[in-house]
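Inspection log for the structure reproduced underneath, given as structure tokens.
Remember, it's 1-based here, ligands and their atoms both numbered in the order they're listed. Atoms considered below: every heavy atom in the structure, side chains included; atoms not considered: hydrogens, waters and symmetry mates.
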Amino acid sequence: MTAQAVQEDELVTVIGLEIHVQLETDTKIFCGCSTKQDDAEPNTYTCPVCLGLPGSLPVLNEAAVEYAVKVGKAIDADIPEETRFHRKNYFYPDLPKGFQITQYDAPICQDGKLEFRHEGETRTVGIHRAHLEEDPGSLRHVRDGSGDIETRTVGIDRADYTLVNYNRAGTPLMEIVTEPDFREPGEAVSFLEKLEEVLEYLGVFDSTRDGSLRVDANLSIVPAEDIADDGTISEDADANRTEVKNISSHKGAESALAYEESRQRNLIRRGKAVEQETRHFNETHGSTVSMRSKEAEKDYRYFAEADIPPLRVSDWKEKLAIPELPDARRERFREEYGLSAEAASKLTSSKQVADFYEDVAEKFDPDLAATWVADNLLGELNYRDMEITDVEGRLDEFTALIRLVAEDEITVKNAEEIVLREMLDEGDDPETVIEREGLGKADAGEVERAVEEAIDENPDTVEDYHAGEGGAINFLVGQVMQKTGGSADPGSVNGMLRERLDE
Ligand code: ADP
Ligand code: MG
Ligand code: ZN
């Protein structure tokens, strides 16, 4: 090992995340405008409050506070006696008031934690704080068309003008700030997956909504000796972290962090300083570029939001119930239904899957239900790049298919390989597929006749069977399956043939 390599081994990657999640309340956080907008025309879901018109007054949405308290319970956070709102002042066209209403010195959640799995191990990350705030509007930078060139959305540096849409302005956000506890990009991604899972279980978040989770990723390279055994980083650590802004996917977070990690390590290797700065992630190139030197807190001139009185929330924690969370549910599935660790994890990966599994397990057998939900249904959905939410309205049809299997009305093979697949590809219900493909299970008489025929028509194979040739029976089973159009059960055909041949 060279001297340099030894030195690099002594440098540790340190990562902390700031995550903005949209809370799925029906209305915005400080006005009555709906947040359920589908593909609404720009600026059609606005009012004087979320447009920041002078003289309009905000009214806090109780549901947003309830959701925040639920998140606090799920991450085991302290919820203070009293929580307050502040104004964070900055000028940008997506912020019509010139300030964002957010929380500052008394956030609704502090000192929480979340366990997650990474590479087969359980890890815990500290949650420094989580607070409520309003989302700004959204901007679209446009390049003017001329001649054959279409008018299109471009980066800000190439734009002729910018359009602003305030439909999003005032959507409730929770900003969740982790401690700098991650040591590699992949770890941060495993955490994000777990966080989304928990938020969806709580029913406060929808990961399928565009832009519902945005991440600012902080990364620094720190000498190992500046990190204490408990993970705290010494104050005088020579760590100049960078903050990469506005990453909108898990994959984006991973590549932005990986890029920053190698960029900073390369600078250090060449004896250069890492500037403390805010950087922008370029999703297409997978790279980060310098945006501005980091703004300091004093730049925002925080002061108390006098239009919203302080809020006493300490007893809400007791009053508000939260559903069983993924970890607890996974353990219960293992105990109650005797599932393997792997099956239990798959079946609790989303609340919809877990609910569906429990519904099926109660009606039929837990093992059969596990095979059908975890392996067959999720497997086929995954193959088609679909999720359970894409077939939410059709769960009854899948239950009907599982019933047909449980009651022996159709063979397992046909159910898996034909009916389930056609249900997903054609959108048909199981009865329609069975009818169309003639898959109803053959009755006993029909199978017996096919067995007799197969024996009569293949005297050579029968001879081979008696001479002890192993493949002969498989050939005969194949014949029977063909005669019954695949509607017999191969295992019992095998038994019937042997019985007849050994007579
Ligand atoms: P700011 O308000 O300036 O963004 P904070 O102290 O609130 O700064 O920290 C913001 C984020 O930076 C947190 O997610 C935290 O985990 C992370 N962070 C703090 N120190 C480091 C570090 N040395 N390396 C990487 N991330 C860090
Ligand atoms: Mg920050
Ligand atoms: Zn409004």
task: Validate the cation-pi geometry between Lys88 and Tyr300: distance from NZ or CZ to the six-membered ring centre under 6.0 Å, angle to the ring axis within 45°.
output: yes

task: Indicate yes or no: does an N/O atom of Leu219 lie under 3.5 Å from an N/O atom of ligand 1?
output: no

message: Ignoring hydrogens, what is the shortest heavy-atom contact between Glu324 and Tyr201? Give both atom names and the distance.
response: O-CD2, 3.3 Å

Ligand 1 contact on Leu17 by region, counting heavy-atom pairs under 4.0 Å: backbone

- line: Note: ligand 1 atoms sitting under 4.0 Å from heavy atoms of Thr178 are 13 (C), 14 (O), 15 (C), 16 (O)

query: Quick one: which ligand 1 atoms are inside 4.0 Å of a heavy atom on Val14?
result: 22 (C), 24 (N), 25 (C)

message: I want to confirm something. Looking only at heavy atoms, which of Arg241, Glu243, Glu18, His128 is nearest to atom 5 (P) of ligand 1?
response: Arg241

Atoms in ligand 1 flagged as close to Val177, the criterion being non-hydrogen separation under 4.0 Å: 13 (C), 14 (O)

- line: With heavy atoms and a 4.0 Å threshold, my read on which part of Asn218 contacts ligand 1 is both

query: Do Glu260 and Arg263 sit within salt-bridge range, that is, some charged N less than 4.0 Å from a carboxylate O?
result: yes

field: Lys97 to Phe99, cation-pi by 6.0 Å centre distance and 45° axis angle
entry: yes

message: For a side-chain contact (heavy atoms from CB on, under 4.5 Å) check, start with the C-alpha distance between Leu60 and Ile29, then their side-chain angles and the critical distance, and finish with the verdict.
response: CA-CA 6 Å; Leu60 182 59; Ile29 184 166; 4.0 Å; yes

query: Using a heavy-atom cut-off of under 4.0 Å, does the side chain or the backbone of Glu179 touch ligand 1, or both, or neither?
result: backbone

- request: Might you work through the salt bridge (charged side-chain N to carboxylate O under 4.0 Å, His left out) test for Glu358 and Arg332, ending with a clear yes or no?
  value: CA-CA 11 Å; Glu358 289 216 90; Arg332 181 168 64 76; 2.9 Å; yes

